[in-house]
Amino acid sequence: MPSVALDGEPVPRTGELPEPSLAQIGERPLGFYVHVPFCVTRCGYCDFNTYTADELLSRDGTATASRETYAEQAAAEVALADRVLTGDRPRVSTVFVGGGTPTLLSPEDLGRVLGEIRERFGLTPDAEITTEANPETVDPDYLARLRAAGFTRVSFGMQSAQPHVLRILERGHTPGRPEKCVAWAREAGFEHVNLDLIYGTPGESDQDWAASLEAAIGAGPDHVSAYSLIVEDGTRLAARVRRGELTEPDDDAMADRYLMADEALAGAGYTPYEVSNWARSTEGRSAHNMLYWTGGHWWGVGPGAHSHVGGTRWWNVKHPAAYAARLAAGDSPAQAREVLTEAERRFERVLLELRVDGGCPLDLLDAHGLSAAERLVGEGLLDARAHADGRAALTRRGRLLADAVVRDLT
């Protein structure tokens, strides 16, 4: 959840949606994203909408927002969603709690928010309920209580197995801890466990990255995510790069690291179902992320959270104090919104669906895009068999150049 400010049109205090968007609520799956904006410390590379305890203090030293009251506020926004999303709405099929560090809240508080969603919207029988977790904030007891609260999937932020890489990222966990967390999660009854990795950290070698992949695979999760490091403006990492203290890897090095990940994970039985995500089975895929990538509806709860229903996208006020004040007054916490045009929705479908292994239908493309697709097949960036079946799907080489392929197609 990047902290970039966005412009848009005002949102009614009630949070009501345009009727054409609301009328589409029954046409696609519905999910909830719950943003927990609290962190113990801010990692040097992080550009997300998160706050440490010191950052939530007023000038007189009193807290402007609190972890202890957050579950109540999040539940209040779920109640707002219940009032807004009227009509023939589906039961919720995915809930994803992200951050920040969600596991700074107790399992009971996280369960309270989930319970509000369950009570007001209902959950599908196979609903996927995920939370992210910092390895240092959980132990076997915490994970057992989390599973008892109804969570079915947990995603641990591993990032690297190398101490010097973690120090550069300013990650607050010790090497080896994420692997222990996978074992504890299995003991607690979690069938689906993910490890997040980051490649391309300044100072990381090919050997470092290979060691991280080996450690992640050896831990035995059924899902692995691997993202290239992006040096975001305004972060401490960006300042260090700007001062010349650290050097970013070049594009060729990033491509090599991606190929290393794909080879290592494929060799261990993981299938790449999206550009940055590998799973050992169809059941192990992130259903919540698939909902994003395939045009589902979702309501984002929390400060700075984004939502999308039927072509209307909106985002909440960023600061936890402002968020709490809006809800206390009975108002929507939404800051602004935009209603996407049909052309914008078609572009986003291409952008997102192309990232998944099935690709996007060729009938989403205009004449220019169809011509480009034929050329990209010849260049080995789009799969020839999928193209013959009426879809644009990335090859392995195409995944390395996904952004460029999207530009050509649109």
Side-chain angles (χ1 to χ4, degrees), residues 18 20-21 23-31 90 93-94 128 223 225-228 251 254-255 258-259 261-263 265-266 270-279 281-298 306-313 338-410:
S21 293
Q24 299 175 49
I25 189 64
E27 297 176 4
R28 296 272 184 167
L30 174 64
S93 57
T94 66
E128 176 193 270
H223 190 287
S225 302
Y227 303 104
S228 62
D251 290 343
M254 289 292 209
Y258 181 86
L259 293 174
D262 197 43
E263 290 172 4
L265 290 163
Y270 296 85
T271 299
Y273 71 95
E274 191 271 345
V275 170
S276 300
N277 291 272
W278 291 258
S281 66
T282 300
E283 295 76 21
R285 297 181 175 195
S286 170
H288 188 80
N289 284 341
M290 288 296 293
L291 181 144
Y292 289 155
W293 296 322
T294 56
H297 308 296
W298 76 90
H306 286 227
S307 305
H308 173 267
V309 172
T312 296
R313 181 163 51 214
E338 59 181 344
V339 179
L340 303 176
T341 65
E342 284 303 312
E344 289 170 333
R345 295 185 74 177
R346 185 169 60 252
F347 170 81
E348 289 201 354
R349 281 195 63 187
V350 175
L351 175 70
L352 295 173
E353 290 183 30
L354 190 67
R355 295 183 63 87
V356 299
D357 56 355
C360 69
L362 289 175
D363 60 16
L364 288 177
L365 307 179
D366 59 16
H368 164 80
L370 290 171
S371 176
E374 291 188 11
R375 173 174 54 80
L376 292 166
V377 169
E379 294 175 2
L381 300 178
L382 291 179
D383 182 80
R385 182 176 298 179
H387 186 268
D389 290 339
R391 302 188 70 81
L394 296 170
T395 62
R396 186 186 192 210
R397 181 165 169 260
R399 282 185 270 136
L400 286 170
L401 301 169
D403 291 344
V405 173
V406 170
R407 287 195 296 271
D408 280 353
L409 294 179
T410 55

side-chain hydrogen bond (donor to acceptor under 3.5 Å, both in side chains) filter on Arg397, not counting sequence neighbours, yields none
The test is side chain to side chain contact (heavy atoms under 4.5 Å, CB included); show your working for Arg285 and Asp357 and say whether it passes.
CA-CA 12 Å; Arg285 297 181 175 195; Asp357 56 355; 2.6 Å; yes
For side chain to side chain contact (heavy atoms under 4.5 Å, CB included), just list the numbers for Tyr270 and Asn277, CA-CA rounded to whole Å, side-chain angles, deciding distance to a tenth of an Å, and then say yes or no.
CA-CA 9 Å; Tyr270 296 85; Asn277 291 272; over 6 Å; no
When you check the gap from the basic side-chain N to the acidic O, do Glu348 and Arg313 get nearer than 4.0 Å?
yes
Only distances under 3.5 Å count here; give the side-chain donor-acceptor pairs of residues 403-410 to other protein atoms, sequence neighbours excluded, each with its distance to 0.1 Å.
unit_1: Asp408; atom_1: OD2; unit_2: Arg375; atom_2: NH2; d: 3.4
unit_1: Thr410; atom_1: OG1; unit_2: Val406; atom_2: O; d: 2.7

Return all side-chain donor-acceptor pairs below 3.5 angstrom for residues 359-367, not counting sequence neighbours, or 'none' if the list is empty.
unit_1: Asp366; atom_1: OD1; unit_2: His368; atom_2: N; d: 3.2
unit_1: Asp366; atom_1: OD1; unit_2: Gly369; atom_2: N; d: 2.8

Provide the closest heavy-atom pair for Val309 versus Ser21 in the form atom of the first, atom of the second, distance.
O-CB, 3.5 Å
Run the ring-centre check on Tyr292 versus His306 and record whether the distance is less than 6.0 Å.
no
Among all residues two or more places apart in sequence or in another chain, which pass the side chain to side chain contact (heavy atoms under 4.5 Å, CB included) test with Asp262?
Pro272, Trp278, Arg396, Arg399
Contacts of His387 meeting ring-ring contact (aromatic ring centres under 6.0 Å, His included) (sequence neighbours excluded), chain-then-number -> none
List, one per line, each side-chain donor-acceptor pair under 3.5 Å for residues 23-30, sequence neighbours excluded.
unit_1: Gln24; atom_1: OE1; unit_2: Arg345; atom_2: NH1; d: 3.2
unit_1: Gln24; atom_1: OE1; unit_2: Arg345; atom_2: NH2; d: 3.3
unit_1: Gln24; atom_1: NE2; unit_2: Pro20; atom_2: O; d: 3.2
unit_1: Gln24; atom_1: NE2; unit_2: Gly310; atom_2: O; d: 3.4
unit_1: Arg28; atom_1: NH1; unit_2: Thr294; atom_2: O; d: 2.7

Is Asp251 atom CG crowded by more than 12 heavy atoms from other residues, nucleotides or ligands, each under 6.0 Å away?
no
